[in-house]
There are 2 protein chains.
Amino acid sequence: MSYQSPEKHTHTKEIIFRTAAHLFAQKGFDGVSMREISEQSGVTKPTIYYYFGSKEGIYEALIDSGLQHVISSFEEIAHIKVSAKDKLVMMTKKFFQLTVDAPDFSKFFMTLAIPLSDNTVLEKFRKQMFNQGNILKTVINEGIKSGEFGAAARPDLAAQIIGGVWQHYAWQQLSTKKKILSEELAEEIIEILFRGLNE
Amino acid sequence: MSYQSPEKHTHTKEIIFRTAAHLFAQKGFDGVSMREISEQSGVTKPTIYYYFGSKEGIYEALIDSGLQHVISSFEEIAHIKVSAKDKLVMMTKKFFQLTVDAPDFSKFFMTLAIPLSDNTVLEKFRKQMFNQGNILKTVINEGIKSGEFGAAARPDLAAQIIGGVWQHYAWQQLSTKKKILSEELAEEIIEILFRGLNE
DNA sequence: GTCTACATACCGACCGGTAAGTAAGCTTTG
DNA sequence: CAAAGCTTACTTACCGGTCGGTATGTAGAC
């Protein structure tokens, strides 16, 4: 996991943070105990409570930190002055890169995406995922306006399909040790979808 | 949940089965306790152990039963004598229909797909998911052989993309109360992917 | 009298969380 | 400038509650 948490943590807090990310990614929220985090991080349990307040507290901290990282990455790309198609390729590459570089965080975020019902913590996350979809939609709309995509292209459908393919490939990557995500694959995928979506 | 478990269960066993499916779908394996299944099904805890042996036992029974149902549905379609493209459309419709009709089971299967590491129970499931991908690949290969798809079409990539889009839409559907999956959507999606994949 | 289909009552282990204390540094005050 | 008090960053030891699982019993069918 090469992901750097954006806020400045003390050393101890950072260790707790990373250990928790790793464990939650492997076993999900309910599959991990505070004892486990404590033992694996070498930090006593009350110390974890001192920094994060509760089990949900760590969870939320991980969500916030990860979201901040991912969203800023995509918005950066959205503002570069290249064609809409190139933006889609760059975003796909970025997404693949994040998945490969920080598999723990990616896996963790995958577990969040599953709509387990009673988890109120996750509303924030869902909203942001929705926003990510909107970034895609904005890029596609841009391409329609500029004539790069045909006027009949359907931004909603396109954003859904692209997001779906991203997620699916991340999934695949996280299930295997072989490296399947690559820059070439990102280009191929967008090429195919571009052809299909661009009526 | 309108899904019928294929084996003949006693009344009591069937109730446990359905209650467990519902709860696991909502909260995942670790989020559900045997007490909860017991109380919500009105069956005492030792009775559950009598029928299913362990918590993992129920889980496995649900996986087996669901897989059997899904796979036979797709294989049925694969053997119908229509064009490859029509098969893809039919499979997509079938997938959407399963998602809408049996959301509990769909959600349950979604939670399985996340590669949480230490769950040995899931190897069987993964293998079968892989087979589902192979059914898609077979259909696409068929289409290439018959000239329906261009010779340059790439069955692996295509199967991945289609499977990914399925999963993504199921996901979307399970997160909302609005009905977003429809036969028209299935046709549109395959139309787009067909154009894109068919060089 | 044996087998099926359950129920009552209990087990030790582990859960999330906390009360109470402390050692080290920093800040205020006589 | 030093003693007193406050704050930060923890630790030891424990809590009531819940976990997955089971030993034992029994009522009815065959």
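Numbered from 1 within each chain, the chains take letters A, B, ... in sequence-line order. Given the structure is predicted, the values throughout are model-derived calculations rather than measurements. Every heavy atom of this structure was used, including side-chain atoms; hydrogens, water molecules and symmetry mates were not.
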Just how far, in rounded Å, is P of D:dA9 from NZ of A:K45? 21 Å
Options C:dG17, C:dG16, D:dG21, nucleotide nearest the side-chain atoms of B:S54: D:dG21
Quick check: on DNA chain D, is the nucleotide nearest A:P46 upstream (toward 5') of the one nearest B:R35, or the reverse? Name the residue that is more 5'. A:P46
Should A:E36 and A:K27 count as an ion pair when the cut-off is N to O under 4.0 Å? yes
Atom pair distance, as rounded to whole Å: CG in A:D30 and P in C:dG16: 9 Å
Can you find an N or O donor on one side and an acceptor on the other, under 3.5 Å apart, linking the side chain of B:K55 with the base of D:dG21? no
Please give, in whole Å, the distance from C:dC10 P to B:Y49 OH? 19 Å
Check the distance between C:dT4's P and B:Y50's OH and give it to me in whole angstrom. 6 Å
Are the ring centres of B:F95 and B:Y169 closer than 6.0 Å? no
When you check the phosphate oxygens OP1 and OP2 of D:dC10, does a side-chain N or O of A:T12 lie under 4.0 Å from one of them? yes
Which of the following nucleotides, C:dG16, D:dA9, D:dG21, is nearest to the side chain of A:Y51? D:dA9
Rounding to an integer number of Å, can you tell me how far B:I15 CD1 sits from C:dC6 C1'? 14 Å
OP1 or OP2 of D:dC10 under 4.0 Å from side-chain N/O of A:T44: no
Separation of D:dA9 P from A:I48 CD1 (nearest whole Å): 16 Å
Can you confirm if the aromatic rings of B:F29 and B:F108 lie within a centre distance of less than 6.0 Å? no
Rounded to whole Å, how long is the line connecting atom NE2 of A:H11 with atom P of D:dC10? 9 Å
Ionic contact status for A:E39 with A:R35, cut-off 4.0 Å: no
Sub-3.5 Å donor-acceptor pair from the side chain of A:S65 to the main-chain atoms of A:A61, do we have one? no
For A:T47, which contact category applies under a 4.0 Å heavy-atom criterion: base, sugar-phosphate, or nothing? base
Return the value, rounded to whole Å, for the distance between atom OH of A:Y59 and atom P of C:dG16. 14 Å
